[in-house]
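Below is one structure, written out as structure tokens, with a few remarks after it.
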Amino acid sequence: VLTSPAPATGPGVTGITVDYEHAAKSVWNAGVGVEYRFSERGTAYGAFVNDRSSARAVDGTPVVISTWDIHHLSGGIAMVLGGTELTLGMGYAWGSKAIGRSVPPTGDLPPNIVPTEAKYSRMKFIIGIAL
């Protein structure tokens with residue numbers, strides 16, 4: 001258990017003391033990929049991978065909000081043009097999770113803070129040239 005330092009004090013300052021917790025669990029991650037040779041000079045690739053979170057629920061206030069599973073989808077082609085090998089591809093990763101309030105409402109904090117959803121996404125492009 002990590003405990004926050006003593007709250008700041010002074011005119012107009014509201015302090016909160018919160019205990020933060022973190023716990024992890026074992027997870028299995030898996031992926032599948034395919035390769036298809038569509039000609040003597042070209043090959044297509046595709047893959048899907050899951051990246052499950054190892055964070056598990058805690059009784060207190062969690063240290064992290066990034067407890068969601070992330071999914072990765074990617075694909076591309078490799079072609080030989082003349083004496084040059086050209087690779088083009090892209091990948092997309094996404095995940096989301098509903099999150100609650102990170103600090104219990106006390107003092108001057110508004111009581112109408114409601115749970116929301118944290119979202120993650122990333123797109124990447126791959127370009128390769130082998131001479």
Quiz item: Under a single-linkage definition using a 4.5 Å side-chain heavy-atom cutoff for Ile, Leu, Val, Met, Phe, Trp and Tyr, are V27 and V49 assigned to the same hydrophobic cluster?
Solution: no
Exercise. Measure the spacing between CG of L88 and CD1 of I127 and express it to the nearest 0.5 Å.
Key: 6.5 Å
Quiz prompt | Over all atoms of both residues, closest heavy-atom pair of W68 and S53 | solution = O-CB, 3.5 Å
Quiz item: For the atom pair OG1 (T84) and CD1 (I129), what is the distance rounded to the nearest 0.5 Å?
Solution: 8.0 Å
Quiz item: So, the side chain of N29 versus the backbone of R52: is there a donor-acceptor pair under 3.5 Å, distance only?
Solution: yes
Quiz item: Measuring from H72:NE2 to R122:CZ, what's the distance to the nearest 0.5 Å?
Solution: 6.5 Å
Quiz item: Can V32 be reached from Y92 by stepping across I, L, V, M, F, W or Y side chains whose heavy atoms are under 4.5 Å apart?
Solution: yes
Quiz item: Should we say atom CZ of F38 is surrounded by more than 12 heavy atoms from elsewhere, each under 6.0 Å from it?
Solution: yes
Quiz item: Is a side-chain donor or acceptor of R41 paired with a backbone partner of A78 at a separation under 3.5 angstrom?
Solution: no
Quiz item: Mind checking whether M79 and E85 have side chains closer than 4.5 Å, heavy atoms only?
Solution: no
Practice problem: Could you tell me whether a side-chain N or O of D51 sits under 3.5 Å from a main-chain N or O of I70, the two making a donor and an acceptor? | Solution: no
Quiz item: When clusters are formed by joining ILVMFWY residues with side-chain heavy atoms under 4.5 Å apart, either directly or through shared neighbours, do M123 and L73 land in the same one?
Solution: yes
Practice problem: List the atom of H71, the atom of N50, and the distance in Å for their closest heavy-atom pair. | Solution: ND1-CB, 4.1 Å
Quiz item: Under 4.5 Å between any side-chain heavy atoms of Y45 and T43, yes or no?
Solution: yes
Practice problem: Kindly check if the number of other-residue, nucleotide or ligand heavy atoms within 6.0 Å of CG (L81) is above 12? | Solution: yes
